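Structure first, commentary second.
Predicted model only: the values in this text are computed from it and were never measured. Only this structure's heavy atoms are used, side chains among them; waters, hydrogens and symmetry mates stay out.
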Amino acid sequence: MHKYLSNKTAIVLFMLPALLVYSIVIFYPVLQTVYRSLFEWDGLSEAVFIGLGNYSELMGDPLLLTSLRNGLVFAVVLVVFQIGLGTVLALVCADPKVKGRKLLKTAYFIPVVLSVTVVCQLWIAIYDPTNGLINRLFDMLGIPYQQNWLSSPTHSIIAIAFVNAWQYMGYQFALLYAGVKSIPEQYHEAATIDGCSKWMAHRVVTLPLMKETFKFCFIIAITSGIGAFVQMLIMTNGGPGTSNYTLTFMIYRYAFMESNYGYASAVSVVLVAISLLATLIINKVFDRNETA
Amino acid sequence: MKTKLRNTRAFAMILAAALFLAACGGNAADQTESTNAENGKISLKVYAQHFDDDTAGPFDYAVEQLKTAMPNVEIELDEAVQDGYQKLKTYAATGNLPDIYFTDWATLQTFAKSQNVVVLDDYEATEAFKSNMNPGLETRLVAPDGHVYAFPDTGIEFQLIYYNKEIFEKVGIETPIKTVNQMVDAAKKLKEAGYVPMSIFAKEKWITTALYNGFVVREQPQGLGALGEDGLTALPEPYVTAAEQVKALQQAGLFDANATNTNYDQASSMFYQEKAAMFVNGQWEIYSSQEKLGDKVDWMYWPAKDEATYEASKFYINGAGSPQGYAVSPSSKNVDTAVEVAAFLAEKAAEYRYTQLGSPIVASKTDKPIASDVPAMMQRLATEVLPNADAYSVALNKTEIQNAVNDSTQSMLIDGFTVDNFVENLNRALKKANE
């Protein structure tokens with residue numbers, strides 16, 4: 001092993017295929033996007049170099065603020081429902097005393113394998129203000145809270161984010177459950193012998209030891225929230241107006257509806273930068289806690 | 001080791017087979033081309049919509065006619081998909097444009113800039129096509145920059161308000177509705193009677209823009225097109241008035257609460273199942289509505305602020321003619337023939353629409369008689385509207401303003417979005433695009 005690690009040629013040779021694939025599939029397109037963002041370009045005609053023109057225009061674009069706000073709301077909803085609820089369910093399912101754990105585990109994962117279109121259509125029906133399940137349920141229970149769930153310019157983003165949270169909660173649950181199960185039983189037993197209750201043991205033993213899993217789950221949830229797109233496209237088409245726009249929806253609009261690929265590239269660069277920044281912050285926060 | 005060798009051999013054989021098959025494929029294509037050359041036939045690839053009776057009928061008819069008129073030309077159809085012409089743009093970006101393609105003005109503008117469309121100004125076929133066009137349709141052929149890029153088959157299409165006469169009678173609404181106030185009263189009555197006053201598929205933003213434009217043309221005949229004027233940075237009064245009218249109607253409950261999430265199928269079925277009393281769509285909806293509701297359905301003119309304005313602006317049409325149709329790729333090996341064929345396809349498709357579908361909204365004239373039963377509503381359009389049309393609205397050519405109008409008109413259909421918000425959004429877009 002030591003011999004291999006000291007052989008630089010071997011290291012380069014073994015890493016080369018992966019690096020090559022990464023460079024072609026990820027790094028080169030990102031660089032291309034950064035380069036294209038410096039041009040005024042409709043995708044067909046000759047591009048005109050405008051330096052940071054697209055970026056300065058973007059800073060004054062009211063859609064940017066709407067998109068950032070929606071991305072943030074989306075990410076918060078995903079974190080709360082997918083990680084919050086996913087953790088509780090993972091702890092419950094990991095408890096051998098809970099009956100029907102296998103069934104629950106399968107049930108939580110079913111929405112993940114469904115098509116996004118199917119799930120969105122299902123929730124469009126549930127959210128329907130006249131005949132939808134939620135409003136009907138409120139009506140039956142005598143709760144005077146009839147909402148137009150998908151038409152509110154301020155709150156519909158939460159309703160849409162919840163659909164994503166509901167569908168992919170099973171995925172986060174699977175990661176968290178694997179995290180819980182990877183912790184040796186003895187730690188938990190030792191805590192119980194020391195007088196910890198079941199939930200106290202989870203708080204002081206299980207959760208801190210799941211830090212790496214949580215870090216990964218946070219990165220997935222927050223970057224998915226910032227870059228959300230499909231649910232808005234299917235459920236409200238970004239509307240009413242532009243109230244449900246996210247950065248990805250902006251890219252779609254400027255590239256494919258307005259043929260303004262240079263500007264769309266600038267938005268893409270902002271999206272990549274924010275996602276990287278979010279990942280960096282999450283890493284820093286978790287690493288700091290580890291040091292402390 | 002043996003297994004490795006076997007795998008390598010198997011991989012090499014698969015690779016060889018793949019290369020061999022690819023080579024065969026190439027030969028087959030070459031043979032087809034040479035056969036065509038031997039037969040003296042010119043093969044042209046046409047990218048056109050061909051997915052329902054309205055699109056396949058005219059195209060197939062035109063191709064059949066072409067076999068007699070130009071027997072040396074073979075048409076290969078590449079069926080267009082409804083993707084906002086993204087596939088066509090990809091063809092252009094990769095240098096694979098078909099010889100002839102059907103597209104809209106937005107795409108033609110991009111193609112003209114990138115020299116992916118033949119300028120048809122000086123062709124004989126263009127002169128002939130122009131001389132055979134129905135009057136008043138110049139904007140359908142000649143672009144705002146003065147050039148001809150495509151041969152249109154349809155005339156200027158426009159939007160109508162359809163209504164169910166039986167429901168109106170039952171609820172006690174007098175027709176025609178001439179003013180916005182009368183429409184407000186009608187909306188209230190219909191709502192009280194348990195009907196959705198007007199179903200609209202406002203999940204698609206173009207229809208909310210069309211609805212708004214209907215009110216604009218009562219005040220300003222040019223409609224939204226006038227917003228593209230350079231230097232115009234604040235929304236003029238007629239447009240604010242129209243916004244106030246749409247808002248007043250929304251507040252009176254004219255639209256379903258879920259209108260902005262309603263698609264065409266949902267909105268039309270609400271109207272056809274007689275749950276909604278009115279419906280907004282283009283004149284092409286006449287066929288379906290007549291088929292589904294028979295004599296119960298008719299269309300009405302857009303209401304205005306008062307009866308005098310209504311009468312004066314009744315024949316200002318809520319439809320703008322921008323260039324679209326069959327265009328020719330400069331990369332075609334047979335540009336001259338392709339130009340002739342494009343003009344021919346457009347003319348014959350128009351002929352089919354007029355003779356077989358009974359639509360008077362076609363680009364070119366024909367001396368053939370109408371062969372099918374024309375729906376009463378279409379007859380009314382042909383005799384009452386088209387001969388008396390005072391003006392058609394003008395197409396808006398600035399995408400930024402168009403998008404702002406689309407977004408803001410859709411938002412007007414929900415609570416909480418005010419006329420001030422509308423004006424603010426539009427002013428921002430006007431300033432950016434026109435200053």
[atom1]/[X]: more than 12 non-hydrogen atoms of other groups inside 6.0 Å:
X        : atom1 : answer
A/Met59  : CE    : yes
A/Gln32  : CD    : yes
B/Lys191 : NZ    : no
A/Phe49  : CZ    : yes
A/Leu65  : CG    : no
A/Tyr55  : OH    : yes
A/Tyr28  : OH    : no
A/Glu40  : CD    : no

At a heavy-atom distance under 4.5 Å, which candidate from A/Gly238, A/Pro62, A/Ser152 has the highest pair count against chain B?
A/Pro62
Given the options A/Thr242, A/Thr154, A/Thr236, which has more heavy-atom pairs under 4.5 Å with chain B than any of the others?
A/Thr236
Atom [atom1] of [X] and atom [atom2] of [Y]: how far apart are they, to the nearest 0.5 Å?
X        : Y        : atom1 : atom2 : result
B/Lys432 : A/Asp61  : NZ    : CG    : 5.0 Å
A/Glu258 : B/Asn403 : CD    : CG    : 4.5 Å
A/Asn260 : B/Glu400 : CG    : CD    : 8.0 Å

Which portion of [X] sits near chain B, non-hydrogen atoms under 4.5 angstrom:
X        : value
A/Leu63  : neither
A/Glu46  : neither
A/Tyr254 : neither
A/Asn148 : side chain

Considering all heavy atoms of both residues, which atom of [X] and which atom of [Y] are nearest to each other, and what is their separation?
X        : Y        : result
A/Arg253 : B/Ala404 : NH2-N, 4.4 Å
A/Ser45  : B/Thr110 : OG-O, 4.2 Å
B/Ala257 : A/Ser151 : O-OG, 3.9 Å
A/Asn237 : B/Lys205 : O-NZ, 4.1 Å
B/Lys89  : A/Ser259 : NZ-OG, 3.1 Å

I'd like to verify something: which residue of B/Asn406, B/Thr399, B/Asn261, B/Thr260 has the highest number of heavy-atom pairs under 4.5 Å with chain A?
B/Asn261
Using the side-chain contact (heavy atoms from CB on, under 4.5 Å) rule, take B/Gln266 and A/Asp128 through it: C-alpha gap first, then chi angles, then the decisive distance, then the call.
CA-CA 12 Å; B/Gln266 293 162 326; A/Asp128 188 281; over 6 Å; no
Qualifying residue for side chain to side chain contact (heavy atoms under 4.5 Å, CB included) with A/Pro240, from B/Leu413, B/Asp407, B/Ile414:
B/Ile414
Given 3.5 Å as the limit, does a donor-acceptor pair link the side chain of B/Gln86 with the main chain of A/Phe256, or not?
yes
